[in-house]
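Scroll down for the structure; my scribbles are underneath it.
Order of the sequence lines fixes the chain letters, A, B, ..., with proteins taken first and strands second; residue numbering starts at 1 for each chain.
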There are 2 protein chains.
Amino acid sequence: MKKHNFSAGPSVLPEFTIKKTAEAVLDFAGTGLSVMEVSHRDKEFMAVMDQARDLFKEILDIPSGYEVVFLGGGASMQFCMVPYNLLNKKAAYLNTGTWASKALKEAKFFGEVVEVASSKDENFSYIPKNYEVPADADYFHITTNNTIFGTEIRKDLDVKVPLVADMSSDIFSRPVDVSKYAIIYGGAQKNLAPAGVTFAVIREDVLGKVDRPIPTMLNYKTHIENGSMFNTPPVLPVFAALQTLIWLKEQGGVKEMEKRNIRKATMLYDEIERNKLFKSTVKYEEDRSIMNICFVMADEYKELEADFRTFASSRGMVGIKGHRSVGGFRASCYNALPEESVKALIDTMREFEKNH
Amino acid sequence: MKKHNFSAGPSVLPEFTIKKTAEAVLDFAGTGLSVMEVSHRDKEFMAVMDQARDLFKEILDIPSGYEVVFLGGGASMQFCMVPYNLLNKKAAYLNTGTWASKALKEAKFFGEVVEVASSKDENFSYIPKNYEVPADADYFHITTNNTIFGTEIRKDLDVKVPLVADMSSDIFSRPVDVSKYAIIYGGAQKNLAPAGVTFAVIREDVLGKVDRPIPTMLNYKTHIENGSMFNTPPVLPVFAALQTLIWLKEQGGVKEMEKRNIRKATMLYDEIERNKLFKSTVKYEEDRSIMNICFVMADEYKELEADFRTFASSRGMVGIKGHRSVGGFRASCYNALPEESVKALIDTMREFEKNH
């Protein structure tokens, strides 16, 4: 049976990426060796790293003055690297969910942290607006997409202090005005690569302003100066990321991705609205994520939750169980998820409705 | 032409690991999904993580009181995590090469560091002995195998303070008396897995003794308490590591590996001694690495270096160029390197000798 992979991350990757990586595990770039056993200093892999960096910049239309690095450790390590490199006295954080809270918590190891707003009071079901960012903050941190709660900031904010964004789960899902950000980072295991590589887009002029000494591996400058090759990079995940970037460009880039993502998300939100059994968990339409679509059983059908999970699973749906802090269901519709999978889920929801 | 992969790392992996990983990239554990796109919380991957941890403990015969974690970031990140977690006032380091020096340098961010001995005066061509480790050091750090210089500490040292060892390039090459160590860590990209995963074996009672607050991701306790699943682990590299561990056990474990490694290394060192064109770079026989075998042209044949490199390359030898700080050649003979490859290199050295 065809599987429809709605996992929140690691998650569906383009067939192109999977095919190319499977080939390279057996023979990488005609070297006769596996991509898992070539030296990262070999010219064939150096070319992969260079091309991945260049394509990342091209597809996201990154202006000059910024550098892109590929690191290990996941976005969670960035929660600590960002304040290590940027927080001198005070940082401002917008609390929109579990990951935003974790990022904020780490910053407290390094200085004063102002939570400018939080939607925790309503289980993070909306994106706070009308908050004020302190003018003397070293930076303002946001989580653009809240994977667990299905909310998203899909506009590039205007703020007067350096803007830092965790885009782990919506990078490359839409065009981004990079010039509005000081740092954009994310774990790559949603729209880009298998788990094991993390990206950071860094405006170089924000670095070098903190008083504390920074351990070498935690210092962004180390990785910028060494082209992400200060130490052995995660070779295979970087190779796979490059394949996704090649695919992304061929498909028409982020503009085309946004079009497809909005189409997929609209189809599914429309069905959630229409179907008597389900309801969205997000309070305002404008805050709905186009990446992670969260829904629960309507109040009068609550007892059907386990049944629908079983039914959907029997129809090939994978990974649609909602996070325990929200319950219900979460359909993650990343770039590589085919429209066909969204349609299959909608058909499943309709069939289930008919039966009840 | 058959390639013989002598790369220093990332480096040759067992054919079993490559084959199993290539299969899993296309279909992981019968899920119908790639190992690159399954959730790390799926039961199939949880089983991989659990089995990898258990086999790691079993093969290395790790006593109770220790835990094994799999992390991202490479051994270079451990250079910073070790002092973050262990250095309260003073640490002692043995300086046996480039990586040992880097580890030592990072520790200085966290407190007083005593270099108990160094072989830098003779380009790290030997392992210092007869040094004294300060009794009040929080720990003593060694690099058991010096990949670049071809020296190795192949005995488990007796010291009175907690012993911390970077075993990136000789883990699983021989039986180790783990009870003599407080922490053993390493990048996995030599004897275990593709680049992107790092292991740490931690005696739990050494943790929790420093005064400083430790950011969550840099705290060993975080990863121990969460079974290496605090954040998304590098899924594919962990999967590949498990395949190598399965292979290792089937082959007879670390005792059998040591036997094979000594046999391979002896063959090659004997040829270096015998062949008039070459000489070893290691000062004392007892310090010779069985993993990375470094040699240069004998003084009267120095001008043949580039020729031999070309000749060896034409015979299928990959990655035998020595590191720039030593020059000449380095044949890395990790567990997965077949004896046949060592024989092919020896034949190449003999043929080259005949021609000159």
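The residue among B:Lys108, B:Lys3, B:Met77 with the most heavy atom pairs within less than 4.5 Å of chain A is B:Met77. If you tally non-hydrogen atom pairs under 4.5 Å between each of A:Val35, A:Leu33, A:Thr17, A:Val197 and chain B, the highest count goes to A:Leu33. Contact count versus chain A (heavy atoms, under 4.5 Å) is highest, among B:Pro83, B:Ala24, B:Ala22, B:Ala193, for B:Ala22. Per-residue counts of heavy-atom pairs under 4.5 Å with chain A were compared for B:Gly187, B:Ser7, B:Ser76; the largest is that of B:Ser76. For the set B:Val235, B:Leu26, B:Thr21, the count of heavy-atom pairs under 4.5 angstrom toward chain A peaks at B:Thr21. For the options A:Ala240, A:Ser39, A:Pro237, heavy-atom pairs under 4.5 Å to chain B are most numerous at A:Ser39.
With a 4.5 Å cut-off on side-chain heavy atoms, B:Pro215 and A:Phe79 do not count as touching. Counting only heavy atoms from C-beta outward, the side chains of A:Thr31 and B:Val318 never approach each other to under 4.5 Å.
Scanning both residues, B:Val25 and A:Ile18, for their nearest heavy atoms gives O-CG2, 3.3 Å. Heavy-atom minimum distance, B:Gly73 versus A:Asn231: O-ND2, 3.2 Å. Listed here is the closest heavy atom pair of B:His40 and A:Pro10: ND1-CD, 3.4 Å.
Residue B:Asn5 holds its CG atom at 9.5 Å from OG of A:Ser34, rounded to the nearest 0.5 Å. Note that the CG atom of A:Leu236 and the CD atom of B:Gln189 stand 13.0 Å from one another [nearest 0.5 Å]. Here CE of B:Met36 is found 7.5 Å from OG1 of A:Thr244. Values are rounded to the nearest 0.5 Å. The structure places CZ of A:Phe109 at 9.0 Å from CG of B:Leu218, a figure rounded to the nearest 0.5 Å. Here A:Lys102 contributes atom NZ and B:Thr216 contributes atom OG1; the two are 8.5 Å apart, rounded to the nearest 0.5 Å.
Around NZ of B:Lys2, the count of heavy atoms belonging to other residues, nucleotides or ligands within 6.0 Å exceeds 12.
If you measure heavy-atom distances from A:Val38 to chain B, the contacts under 4.5 Å come from the backbone alone. If you measure heavy-atom distances from A:Phe45 to chain B, you find no contacts under 4.5 Å at all.
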